[in-house]
Number of protein chains: 4
Amino acid sequence: MDFNEKQIQILKVAEKLFAEIGFDGTSVRHIAKEADVNVAMISYYFGSKEKLLEALLLYRVADFKMELETVMVQNLPHVEKLDALVSLMVNRIHRNRRTHKIINYEYTNTCRQIDFDAYVEQKRDSLGIIEAFVKDGQNKGVFKTDVHTKLLGATVIGTYFQVYNNKPFYKKLLELDSDEAFENYMLTSLTQHIQQTIKSLLLNEK
Amino acid sequence: MDFNEKQIQILKVAEKLFAEIGFDGTSVRHIAKEADVNVAMISYYFGSKEKLLEALLLYRVADFKMELETVMVQNLPHVEKLDALVSLMVNRIHRNRRTHKIINYEYTNTCRQIDFDAYVEQKRDSLGIIEAFVKDGQNKGVFKTDVHTKLLGATVIGTYFQVYNNKPFYKKLLELDSDEAFENYMLTSLTQHIQQTIKSLLLNEK
Amino acid sequence: MDFNEKQIQILKVAEKLFAEIGFDGTSVRHIAKEADVNVAMISYYFGSKEKLLEALLLYRVADFKMELETVMVQNLPHVEKLDALVSLMVNRIHRNRRTHKIINYEYTNTCRQIDFDAYVEQKRDSLGIIEAFVKDGQNKGVFKTDVHTKLLGATVIGTYFQVYNNKPFYKKLLELDSDEAFENYMLTSLTQHIQQTIKSLLLNEK
Amino acid sequence: MDFNEKQIQILKVAEKLFAEIGFDGTSVRHIAKEADVNVAMISYYFGSKEKLLEALLLYRVADFKMELETVMVQNLPHVEKLDALVSLMVNRIHRNRRTHKIINYEYTNTCRQIDFDAYVEQKRDSLGIIEAFVKDGQNKGVFKTDVHTKLLGATVIGTYFQVYNNKPFYKKLLELDSDEAFENYMLTSLTQHIQQTIKSLLLNEK
DNA sequence: GATGAATGAGTATTCATTCAT
DNA sequence: GATGAATGAATACTCATTCAT
């Protein structure tokens, strides 16, 4: 849970490389070289390549852990709270997009023996908070009731990753000619699109 | 383009394994064993592991190619046509979910030297057809105009894959206790959710 | 001994490739492709790669077989006959330089199970003829007697191959800027040098 | 340039095997086994089989580097100096005959991507020294002038290798019934023959 | 605590050859 | 007689990990 400087250095490089070229595609040599540490150090610190990934999950999953609560307790109209919620989710995913991408890659990998419990638990918590909020809105008649509440999160995150995972395609489609422009688009127009999507689904009237 | 029986056998096994344990994680030995062919045969038929993946893309991408047109030409009200369109997209993705998953994994892999042109072209075509349809609906006043038309596809596909890529999580969340139940859910409730999402975004009145 | 057209085609390609990239470095696939025949044909015609080399030796060794005799029987002064002899040797080696090079490579290869008897026999014959001629000259007082007669051949052939095997080096050293110029040099100046060398060794007076 | 004990062990085995069965014919497994080291060690130490050969060249080429100078500076009559020079060349080649043989094999191999610059440079240096010595002798009227000075080296080395590369043939021809006898012959009679050859070419009077 | 050296198991690919047709 | 398809064995090399120091 508490990593020293060199460990964090390794974790960051690993996160980058795992996201860019996959878990299997990344060799510990590559990580070691990029992080400017000895190869043996990775086994020494983390035990194995798989345990390094688990350490990375632990390191990042803490960050996934919600500021959702902080939004929830605010005294805002449901609509605005909904926007804030979506915006927060996108921001959080964006911040940890690399680790999320790795998880998306590896979570269903049948061969890997990696402990995703922390991730799953956190995901369940998040969705629980959202579900409760939606229920509340529905009870108060602000939100529609004929909605697959449990799937709302999938739409938010899924839309984000569909664009992120097809970055070169969408850069061309949306005429974004730099990585900065793309990144900026993700945090403005794409976020807006997702907010609009969720609001359309939930709000009774325009 | 025209593969013999053994080649198709290899392609199918490769598709399955690539989707399950990743491109790097899958060894040609593994494919050969599972497909019950000699290891050398894969190099013999496809040249290399990477070219095998390219062959798989070519083999499947033809199938991606649209029945979209067939829906477009039907004389249906816009709303129903929209539902049909989404349903078709989900079905098509579902049918080729494995290859799509591989693409999602590998497309942004900076190290891989694989030709995704056919995929990109097909994706562009699909989105073009959808965009044209939405434009038409907007012109006729049936669809709203304040919508990120180019992102609609991402929401459809993204939602699907977010659930599919987190299958164990959603199986538990949605209390689906078998793979069949999950599969069935994808093609009914999930499809319905996505249809509803897109309609909410586009339709002027409930 | 009597090869058909396709076999000769294969032999010629094999000779070229064996000389250029070595016996081990040359694959039967490469030969087959270059000779524009089916891969299986080589095994079919010659039995194996090693037997192909043996066939090549048989095919060429016949050509080594002397016109030496024809020079011997001519009624020429010893000095001129000596020049003619050296010139003939160089020409003959040059014509079959590729096969000779292969032999030089492979003859001492301890692992290879190739029959070099024909080559050895021919070599012995050649040297025998030369030795007899030199003996004759010595008896007649034209040639010196304090000479390692058995090594004369090695000096002739060795000088040739030392230049040929270091072609790029000697091209630069001798300022020969084309393969034609090099080839021409081998047959004029180099031949002359070798003639001069042998004459210096054998003749009593300048 | 500075190799540890195990590296030298590998280099020596590689030199032997490359000379005996060729570069392509020698597998890294074979080298590893003979040198009694792990296969991976060869890649670990040298990077690749080709780089191993380059390392070998570097390791040996230093040894090629002349004691020629030491002979040159001695205050000896030209004739004796010439004998000493030839003797030195033969000795040096003999000592490194294996590496020289490999070079003779591989230098003109069009496919190989190996850096022979060090070898070429050393060869040029050697020939340069010899050429200068011969020029000096010619100026002083001791050596003949109608000689292909640049080809003298080829005759020395070529004669040596023609015998060495046909060892089984010459063993029989010269009735040398052991490897020791052959080796001894190379350093006495053969050397003498080469000395005599060069002297015959260069000296004005008997 | 940290690491250079070392390794056994694994990788994709290529090889010469065989065999059914 | 000739060949496309197929294969077991071998190739060089890379892998994550271990261990002596």
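Just so we're on the same page: letters track the sequence lines, and every chain starts at 1. Source: prediction; values computed, not measured.
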Check your understanding: Is there a Watson-Crick or G-U wobble partner for F/dG8 with both distances under 3.5 Å, and which nucleotide is it?
Key -> E/dC15
Point to revise | Nearest to side-chain heavy atoms of A/S43, which nucleotide of F/dT18, F/dA6, F/dA16 | key: F/dT18
Check your understanding: Near DNA chain E, which residues from residues 10-32 of chain A have a heavy atom under 4.0 Å away?
Key -> none
Review point. Is the Lys NZ or Arg CZ of D/K123 less than 6.0 Å from the centre of C/F169's six-membered ring, within 45° of the axis?
Key: yes
**Study point:** B/Y44 vs F/dA5: side-chain N/O to OP1/OP2 distance below 4.0 Å
**Key:** yes
Exercise for review: Find out whether C/Q7 and C/F46 are in side-chain contact, i.e. whether some heavy atom of one side chain is under 4.5 Å from a heavy atom of the other.
Suggested key: yes
**Study point:** Between E/dA16 (P) and C/F46 (CZ): distance, integer Å
**Key:** 15 Å
Practice item. Let me know the distance between CG of B/L53 and P of E/dA12, rounded to the nearest Å. Key: 13 Å
Practice item. Establish, for the pair D/K6 and D/Y45, whether the NZ or CZ atom is under 6.0 angstrom from the six-membered ring centre and no further than 45 degrees off its axis. Key: no
Review point. Judged by modelled atom types alone, do C/D24 and C/Y105 share a side-chain donor-acceptor pair under 3.5 Å?
Key: no
Point to revise | Nucleotide F/dA5, atom P - distance to CZ of B/F3 in whole Å | key: 15 Å
Exercise for review: Measure the distance from CD on B/Q7 to P on F/dA6 and round it to the nearest whole Å.
Suggested key: 9 Å
Point to revise | Phosphate OP1/OP2 of E/dA6: any D/N38 side-chain N/O under 4.0 Å | key: no
**Study point:** Length of the line joining B/M41:CE and F/dA6:P, which is rounded to integer Å
**Key:** 4 Å
Point to revise | Any side-chain heavy-atom pair of D/E106 and D/F116 under 4.5 Å | key: yes
Review point. When the distance from NZ of B/K6 to C1' of F/dT7 is rounded to whole Å, what number comes out?
Key: 10 Å
Point to revise | Gap between atoms CG and P, on D/N4 and E/dA5 respectively (whole Å) | key: 8 Å
Revision key, fill the gap. Picking from E/dT17, E/dA12, E/dA6, the nucleotide nearest the side-chain atoms of C/V39 would be E/dT17
Practice item. Give the rounded distance in Å between these two atoms: CD1 of B/I42 and P of E/dT13. Key: 10 Å
Revision key, fill the gap. When both distances are under 3.5 Å in a Watson-Crick or G-U wobble arrangement, the nucleotide paired with F/dA20 is E/dT3
Check your understanding: Counting only heavy atoms not in C/K12, do more than 12 fall under 6.0 Å of its NZ?
Key -> no
**Study point:** Polar contact flag, side-chain donor to acceptor under 3.5 angstrom, B/K49-B/S43
**Key:** no
Check your understanding: Counting any heavy atom closer than 4.0 Å, what does A/Y45 reach on the DNA or RNA strands: base, sugar-phosphate only, or nothing?
Key -> sugar-phosphate
